[in-house]
Protein chains: 2
Amino acid sequence: MSISTKLAKLGYKFTKPRLQVLNYLEKEKSLISARNLHKKIKAIDRASVYRTLNLLEKEHLVNVEIIEKEKLYCLADHPHHHIICRKCGYAEEFDCDKNEFKKFYNFSNIHHQLTLTGICNKCNTITNE
Amino acid sequence: MSISTKLAKLGYKFTKPRLQVLNYLEKEKSLISARNLHKKIKAIDRASVYRTLNLLEKEHLVNVEIIEKEKLYCLADHPHHHIICRKCGYAEEFDCDKNEFKKFYNFSNIHHQLTLTGICNKCNTITNE
DNA sequence: ATCTGAATTGCGAATAGTTCGCAATATGAT
DNA sequence: ATCATATTGCGAACTATTCGCAATTCAGAT
Ligand SMILES: [Mn+2]
Ligand SMILES: [Mn+2]
Ligand SMILES: [Zn+2]
Ligand SMILES: [Zn+2]
């Protein structure tokens, strides 16, 4: 089921801002912040970008990672996380095994947020030459 | 080696604000934010609390988790993470196996940030009664 | 113990990401 | 087409954090 269909099923109206944000996220292969998303979609307001991303987050349709207080988003089409270069922001995905976190009997409704950061090969080379 | 000794070794001055922050963190069994730390140590300035925590973070002497855009700190005396109740903020620790993240050959100097959130037993009971 | 230069502090102003209030507009059910 | 209401755009507001800078404190040398 496409994400826009999911949104409709959840009772949300299918508006131009939402369409544009979804379109962009579907193209984007990496992580993107609200701020950069807004730069890319100049036609819609900053607040609408934030509101749409919040909605997608609430419905678990995007993954969120926080780097330096800024939320970074990508579509949650499959369970995964990212490792992000602290120098240049380059990101790679890796799969996520949700079962890993089943062991916490004292809590229910467990969510998890895992972010790895490092220095990518390219930046490492630049630094050391 | 005590943390204050470590700080001295790293060339930092041993000041009243730093002492007070360290003292408080050593007592604290849970996670605490800069804001709440400042409430507890009224004698020192907000900016000094932030500056000390940043210093401790840079030197890897505290663990940091971000919940709703606020950084939460605890002493990094042993490798661990927390699972935090989304309703009341109650936190439990769990051990961390750093070797888990060695597999990312394309990155060096890997750091990781893992945060679990859930609803604790107590809050779960309250909600359903 | 005093001196001294550098590190650190406190203060208030500034910043950055995000949210809010509200009037105007777009949506989709009838 | 009409209508109720969900959503938008705009600017102002909010919150955690940082910054600039003068005043203070620290630690090492005398
Ligand atoms: Mn991704
Ligand atoms: Mn802890
Ligand atoms: Zn890089
Ligand atoms: Zn709770």
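Within every chain, numbering begins at 1; the chains are lettered A, B, ... in the order of the sequence lines, protein sequences first and strands thereafter.
Map B:Tyr12 and B:Lys71 each onto its nearest nucleotide of DNA chain D; the residue landing nearer the 5' end is B:Lys71. Between B:Glu68 and B:Asp45, it is B:Glu68 whose nearest contact on DNA chain D lies nearer the 5' terminus. Where B:Ala43 and B:Lys69 each meet DNA chain C at their nearest nucleotide, the meeting point lying more 5' is that of B:Ala43. Both B:Arg18 and A:Glu70 lie near DNA chain C, and the one whose nearest nucleotide falls closer to the 5' end is B:Arg18.
For B:Lys71 against B:Ile66, the heavy-atom pair with the smallest separation is CG-CG1, 4.0 Å. Of all heavy-atom pairs between B:Leu19 and B:Phe14, the closest is CD1-CZ, 3.6 Å.
When the P atom of C:dA16 is taken as reference, atom CG of A:Leu72 falls 17 Å away, rounded to whole Å. Here D:dC26 presents its C1' atom at 14 Å from CG of B:Leu7, a figure rounded to the nearest Å. Going from atom NZ of B:Lys39 over to atom P of D:dT17 covers 13 Å, rounded to whole Å. One atom, NE2 of A:His38, and another, P of D:dG11, lie 12 Å apart when rounded to the nearest Å. In this structure, B:Leu55 places its CG atom 16 Å from P of D:dT17, rounding to the nearest Å. Rounding to whole angstrom units, NZ of residue B:Lys42 and P of C:dG10 are separated by 15 Å. Summarising the geometry, the separation between CG on A:Leu19 and P on D:dT8 is reported as 12 Å, rounded to the nearest angstrom. One atom, CD of B:Glu57, and another, P of D:dT17, lie 10 Å apart when rounded to the nearest Å.
You'll find that the side chain of A:Thr15 is closest to D:dT8, out of D:dG9, D:dT8, C:dT9. Listed nucleotides: C:dG12, D:dG11, D:dT8. Nearest to the side chain of A:Arg46: D:dG11. The side chain of A:Ala47 approaches D:dC10 more closely than any other nucleotide in the set C:dG28, D:dC10, C:dT18.
The base of C:dT8 lies outside donor-acceptor range of the side chain of B:Arg51, with no N or O pair under 3.5 Å.
Base engagement by A:Lys13 is indicated by at least one non-hydrogen atom pair under 4.0 Å involving a base atom.
A parallel orientation is assigned to the rings of A:Tyr90 and B:Phe107, their planes being inclined by less than 30° (bins at 30° and 60°). Taking the six-membered ring where tryptophan is involved, the planes of A:His78 and A:His80 are essentially parallel, since the angle between them stays under 30° and well short of 60°.
Distance check, rounded to the nearest 0.5 Å: NE2 of B:His111 to NE2 of B:His60 gives 4.0 Å.
Considering only side-chain N and O atoms, B:Asn54 lies nowhere under 4.0 angstrom from the phosphate OP1 or OP2 of D:dT17. Residue B:Tyr50 has a polar side-chain atom (N or O) positioned under 4.0 Å from OP1 or OP2 of D:dT17.
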